[in-house]
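All heavy atoms count here, side chains included; hydrogens, waters and symmetry mates do not. Naming convention: chains lettered A, B, ... in sequence-line order (proteins, then strands); numbering from 1 in each chain. What you see is a predicted model; the values in this text were computed from it and never measured.
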Number of protein chains: 2
Amino acid sequence: MNDVEIQDYPKTGRFLAGRLRSALDVGQKQRIEELIAETRTLANDETIIHAGETCDVSTILIEGFMLRTIEEEGERHAVSFHVPGDFVDMHCFALKRLDHNIQAVGTATIGLAPHDKIRDIMATDPDLARLFWFGTLLDAAMHREWIVKLGKLRAAPRIAHILAEISRRLDMVGLGDSGGFDTPLRQRDIADTCGITVIHANRAIKKLRELDLADVVRGRVNIPDRKRLEAYAKFHPQYLYGDSSELMRDRLG
Amino acid sequence: MNDVEIQDYPKTGRFLAGRLRSALDVGQKQRIEELIAETRTLANDETIIHAGETCDVSTILIEGFMLRTIEEEGERHAVSFHVPGDFVDMHCFALKRLDHNIQAVGTATIGLAPHDKIRDIMATDPDLARLFWFGTLLDAAMHREWIVKLGKLRAAPRIAHILAEISRRLDMVGLGDSGGFDTPLRQRDIADTCGITVIHANRAIKKLRELDLADVVRGRVNIPDRKRLEAYAKFHPQYLYGDSSELMRDRLG
DNA sequence: CGGTCAGTTGATGCCCATCAAAACCTGTGG
DNA sequence: CCACAGGTTTTGATGGGCATCAACTGACCG
């Protein structure tokens, strides 16, 4: 991942960066870039898709953060979060309707890919089809890891895990920032993601601060030593299927 | 779903039954059936794929139950369970290696689909390609629902949710049994799935028994009134994307 | 009839939800 | 520049859920 990718492909240059993107040729990258018919800017908390709606475009997150949330009995549960480069609702192409909402956290910029263009790709480039598929399966892999962590970890390490994962994923798409990252995530969002109350999230964050593992302040997360944070969170990045993993040497085809 | 499907397609007749299967034509069903190069019988607890292994076949569960598990620090965590008709590791085709194990619970019969045959389908029938994709996205949808339930529900309703889901999924593939279902699931498996200890699982099961919601005995789960069980578990089947949902009327293409 | 494994029960302490309230930011308009 | 309002972060007190350690029962099997 380098800046050239973003110059050449300003809307989709981060898509699967650090993962299978390196297996794509120029023509394929160009074709993905041309998928994006339109870009939009989202306001804080704006929801682009509501659970149950059918859709005929898919959305790539270009800049900012987003959450997938499910409402139940008036409570919001966040099932996953997204960083730039994520095709946040590619699965909508195959599912036709979604079981959850997708909303911006802070302001965000998105690109829209009409499904008929994706259908063209499915019919003419099986390798790209498989790449899109791969992208949606990464979400499933992250869901699985999170299920394990929810069963295994208490509040503070859960939060540490979220922070460690965001940090790693930002790295993969070329937005790494040693020492932490800027984010509009609120304690409310962290609580909704970890399945705990805001109040308890606050105490757990305080604990991380006291342990000098992570400092969450408005708009910024400081991480003095990511290795220590990852150890505390029992974070093992294999499930992100990154390039750097020795196990991921074999590629498309 | 009816018995004719299983007579005509003994190995894959339950695949996506109750969901998009009804959108397939005879040629497509035949093509899926012919994917299965070989069948095998698995012993109790036998693991067919270990985390990290690459693979060049995918597996459909023909008879019995299976679990996806992730080991961490000697503890087994189950991230999902499977019923007949599930293509348990179709995602292995696009991911190449898996982040988890897949193992039988009790004895099970599976069918093996070589990846080169799947690749042929990807290249020649985009509708079937999309169907396979859809199948893997169902897993992701179930993962999301489970993440919400882990955040929202305590032990007893979690277990109730598992039981309700199994019951519904058996219905969809034509194995419904009003009053409950036979299963080799042990309390250990339920505990590993719910992220609780066996001891606490036992107490929660006792509670379900006392509430007359479900009776889990060796090899059998009795459900006197599924509606009541589902209400207690806050089970809402939309995430299973079943045919019966009004929202699912639109199909492939 | 002893061994093994699944299921069951009791006692203790920590984690987290809940109710309540205060301190703090941030943007707004006077 | 200050006052104010609304949302975010912080702290305290109380109770319930679950993990943990320990022990016992019952079923199946050689």
Side-chain angles (χ1 to χ4, degrees), chain A residues 43-45 67 72-78 105-107 148-161 163 182-211 214-222 232-233, chain B residues 43-45 65 67 72-78 105-106 148-161 163 182-211 214-222 232-233:
Chain A
N44 183 24
D45 275 348
L67 284 181
E72 206 169 299
E73 300 180 325
E75 293 169 341
R76 188 186 71 156
H77 298 265
V105 180
T107 58
V148 172
K149 296 308 179 196
L150 284 175
K152 184 180 190 57
L153 304 178
R154 314 280 90 216
R158 280 184 200 174
I159 295 173
H161 198 273
L163 301 180
D182 296 318
T183 175
L185 277 183
R186 311 236 163 256
Q187 295 194 355
R188 155 104 276 142
D189 302 312
I190 294 175
D192 288 350
T193 305
C194 292
I196 57 179
T197 59
V198 200
I199 295 170
H200 197 67
N202 179 271
R203 293 191 226 264
I205 288 169
K206 182 183 177 187
K207 184 175 177 185
L208 293 179
R209 194 176 292 133
E210 289 169 354
L211 292 171
D215 184 17
V216 180
V217 291
R218 266 172 210 260
R220 171 91 194 155
V221 174
N222 291 304
Y232 180 76
Chain B
N44 184 24
D45 276 346
F65 293 83
L67 284 181
E72 206 170 298
E73 299 181 322
E75 292 170 343
R76 188 186 71 157
H77 299 265
V105 180
V148 172
K149 296 309 179 197
L150 284 174
K152 184 180 190 57
L153 303 178
R154 313 280 93 215
R158 279 185 201 174
I159 295 172
H161 198 274
L163 301 180
D182 296 318
T183 175
L185 276 183
R186 284 159 305 178
Q187 295 193 353
R188 156 103 272 143
D189 302 311
I190 293 174
D192 288 350
T193 305
C194 291
I196 57 179
T197 58
V198 200
I199 296 168
H200 197 66
N202 178 273
R203 293 190 227 264
I205 288 168
K206 181 183 177 188
K207 185 175 176 185
L208 292 178
R209 195 176 291 131
E210 287 169 356
L211 292 170
D215 184 18
V216 180
V217 291
R218 269 169 208 261
R220 170 91 192 156
V221 175
N222 291 304
Y232 180 76

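You'll find the side chain of A:R158 reaches within 4.5 Å of the side chain of A:I196, heavy atoms only. Annotation: side chain of B:D215 is not in contact with side chain of B:V221 (no heavy-atom distance under 4.5 Å).
Positionally, the nearest nucleotide of DNA chain D for A:R188 lies more toward the 5' end than for the other of A:R188 and B:K207.
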task: For B:D45 and B:R186, run salt bridge (charged side-chain N to carboxylate O under 4.0 Å, His left out): C-alpha distance rounded to whole Å, both residues' side-chain angles, the deciding distance at 0.1 Å, then the answer.
output: CA-CA 11 Å; B:D45 276 346; B:R186 284 159 305 178; 3.5 Å; yes

message: Working note: A:E210 + A:R203, criterion salt bridge (charged side-chain N to carboxylate O under 4.0 Å, His left out); need CA distance, chi angles, decisive distance, verdict.
response: CA-CA 10 Å; A:E210 289 169 354; A:R203 293 191 226 264; over 6 Å; no

Test side-chain contact (heavy atoms from CB on, under 4.5 Å) applied to B:L208 and B:Y232, step by step: CA-CA 10 Å; B:L208 292 178; B:Y232 180 76; 3.5 Å; yes

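Between the CG atom of B:L185 and the C1' atom of C:dG7 there is a distance of 15 Å, given to the nearest Å. Atom C1' of nucleotide C:dC15 and atom CG of A:L150 are separated by 15 Å, given to the nearest angstrom. D:dT11 atom C1' lies 14 Å from atom NE2 of A:H200, rounded to whole Å. Taking atom CZ on B:R186 and atom C1' on C:dG7, their separation rounds to 12 Å, with Å as the unit. What separates CG of A:D45 from C1' of D:dG7 is a distance of 12 Å, to the nearest Å. Rounded to whole Å, atom C1' of C:dT4 lies 15 Å from atom CG of B:N44. Between the CZ atom of B:R218 and the P atom of D:dC29 there is a distance of 10 Å, given to the nearest Å. Counting to the nearest Å, the P atom of D:dG17 and the CD1 atom of A:I196 are 19 Å from each other.
Taken from NE2 in A:H77 to CG in B:L150, the straight-line distance is 11.0 Å, to the nearest 0.5 Å.
When the side-chain nitrogen and oxygen atoms of A:N202 are compared with OP1 and OP2 of D:dT9, none of them lie within a distance under 4.0 Å. At the phosphate of C:dT8, OP1 or OP2 sits under 4.0 Å from a side-chain N or O atom of B:Q187. Taking 4.0 angstrom as the limit, A:K206 places a side-chain polar atom (N or O) nearer than this to OP1 or OP2 of D:dT11. The side chain of A:T197 places no N or O atom within less than 4.0 Å of a non-bridging phosphate oxygen (OP1 or OP2) of C:dC16. Listed pair A:R154 / C:dC15 fails the phosphate criterion, with no side-chain N or O lying under 4.0 Å from OP1 or OP2.
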Restricting both atoms to N or O, compile the protein contacts to nucleotides 11-13 of chain C shorter than 3.5 Å, with distance only.
unit_1: C:dA11; atom_1: N6; unit_2: B:R203; atom_2: NH2; d: 3.2

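At a threshold of 4.0 angstrom between heavy atoms, the contacts of B:G195 are confined to the sugar-phosphate backbone, with no base atom among them. Contact annotation for A:R209: backbone-only contact, meaning every heavy-atom pair under 4.0 Å involves sugar-phosphate atoms and none involves a base.
For the pair A:R209 (side chain) and A:V216 (backbone), a donor-acceptor distance under 3.5 Å is present.
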